[in-house]
2 protein chains.
Amino acid sequence: MNKHDLFQQFVAFTATLHQVTQTLTQNVKLDHITALQYKILEYIQVSQAVTATEISDCLHISLPNTSRELRKLQERKLIEKTNDKLDRRKQVIRLTIDGEKMMTEAFACIEEQFSQLIQGASQKDVEAISEALAVLEQKVFQNKGQ
Amino acid sequence: MNKHDLFQQFVAFTATLHQVTQTLTQNVKLDHITALQYKILEYIQVSQAVTATEISDCLHISLPNTSRELRKLQERKLIEKTNDKLDRRKQVIRLTIDGEKMMTEAFACIEEQFSQLIQGASQKDVEAISEALAVLEQKVFQNKGQ
DNA sequence: TCCACTACTTATCATTTGATAACAAAACGA
DNA sequence: TCGTTTTGTTATCAAATGATAAGTAGTGGA
């Protein structure tokens, strides 16, 4: 196995994962939340407190478009912005209680689909999958920066 | 590690992989090919010969929209449709020589980015990554159907 | 033969997303 | 202090995507 073969395998894997992800999430009816808004909410949830610039950089959305989507999410009371004390240009963005509730519900729905996907997995399989995910996180995504 | 924890890990992993994928592919300038068209071309390439319905099902694009994108790709001479001898309703879709060339170039570009991502990986790491991908393919995507 | 069904197309419309220009406010460095 | 950079906003336009209705042609079963 050389790096070229690994690349081929990685591409195929990625394509499959994208399809699976879409299958898992397609039944989640999130009351007028678009795919992009969902991605933003998901990012905020895992990162806890972020700025608009961080969202823009990490999700590869231009800052004006990020700002627009954040405004919509704020109007829907799913996120809230608070001023950064140290740098008053910045805004710290967090999920509101409503936002967290919505994401929790969405995750519950996705988790149900997910558990069907791995229903055949034994305890040993679960450990193996977890270990595999950890390996990829560590060895591939380690320096994912910029 | 129970299945709920595994789900959490899986979600975080998926989000990260989406970001990494976008980073890898964002410099690929494919001469007026959209993201959706790229996905379709990628799917055709790995599957070799497919029908419109298969693309529609696997990529979760409605058949009318699939048909529209395929027409555009055909106009650009990137794919070709041939009639199925056994069932004349069906059309077998393949990449043209031009289409294959374009995908090969795109992959070369992405592979360059990818190799930067794993530049620090030793031979042993490469084997470990490959093994991890195989585990996930086998234990998670195994029955990804419908 | 007739009817229901599948595979695909065309057309149309609304919505989402991307891209860009222009702006304001704060920070930062010389 | 003054010019530059960073952070974010609003506005506007074009393009991509999603959704749906309606239609054609072929298949296959009763």
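Predicted model only: the values in this text are computed from it and were never measured. Residue numbers begin at 1 in each chain, while the letters A, B, ... track the order of the sequences.
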J.: Short of 4.0 Å, heavy atom to strand atom, which residues of residues 66-74 of chain A count as contacting DNA chain C?
T.: R68(A)
J.: Does any donor atom in the side chain of E127(A) or Q123(A) lie under 3.5 Å from an acceptor atom in the other side chain?
T.: yes
J.: Can you find a heavy atom in the side chain of L63(A) that is under 4.5 Å from one in the side chain of T53(A)?
T.: yes
J.: Under a criterion of less than 4.0 angstrom to any heavy atom of chain A, what are the 5'-terminal and 3'-terminal contacting nucleotides of DNA chain C?
T.: dT16(C) to dA27(C)
J.: What integer distance in Å separates L63(B):CG from dT17(D):P?
T.: 17 Å
J.: Would you kindly give the CD1-to-C1' distance between I61(B) and dG18(D), to the nearest whole Å?
T.: 11 Å
J.: Can K139(B) and D125(A) be counted as an ion pair, charged N to O under 4.0 angstrom?
T.: yes
J.: Could you tell me whether the phosphate oxygens of dA15(D), OP1 or OP2, come under 4.0 Å of any side-chain nitrogen or oxygen in T34(B)?
T.: no
J.: Counting only heavy atoms not in Q22(A) (residues, nucleotides, ligands), do more than 12 fall under 6.0 Å from its CD?
T.: yes
J.: So if I apply the side-chain contact (heavy atoms from CB on, under 4.5 Å) rule between E69(B) and each of K39(B), Q74(B), Q37(B), which one comes out positive?
T.: Q37(B)
J.: Determine whether L70(B) and Q91(B) satisfy the following criterion, side chain to side chain contact (heavy atoms under 4.5 Å, CB included), listing intermediate values before the conclusion.
T.: CA-CA 11 Å; L70(B) 288 176; Q91(B) 298 197 322; over 6 Å; no
J.: Inspect the contact between E105(B) and K101(B) and indicate whether a charged nitrogen and a carboxylate oxygen are less than 4.0 angstrom apart.
T.: no
J.: Can you name the nearest heavy-atom pair linking R88(A) to K85(A), along with the distance?
T.: CG-O, 4.4 Å
J.: F114(A): what forms a ring pair (Phe, Tyr, Trp, His ring centres under 6.0 Å) with it, not counting sequence neighbours?
T.: F7(B), F10(B)
J.: Any side-chain heavy atom of T51(A) within less than 4.5 Å of one from D84(A)?
T.: no
J.: Does anything in residues 79-90 of chain B come within less than 4.0 Å of DNA chain C? Heavy atoms only, and list the residues if so.
T.: K81(B), R89(B), K90(B)
J.: What distance separates L41(A) CG from L73(A) CG, expressed to the nearest 0.5 Å?
T.: 5.0 Å
J.: Using a 4.0 Å cut-off on heavy atoms, which residues in residues 36-54 of chain B reach DNA chain D? List them by number, or say none.
T.: L36(B)
J.: Measuring only between side-chain heavy atoms, which start at C-beta, is I61(B) closer than 4.5 Å to L36(B)?
T.: yes
J.: Name all residues meeting the side chain to side chain donor-acceptor pair (under 3.5 Å) criterion together with S130(A); count only those two or more places apart in sequence or in a different chain, and write none if there are none.
T.: Q9(B)
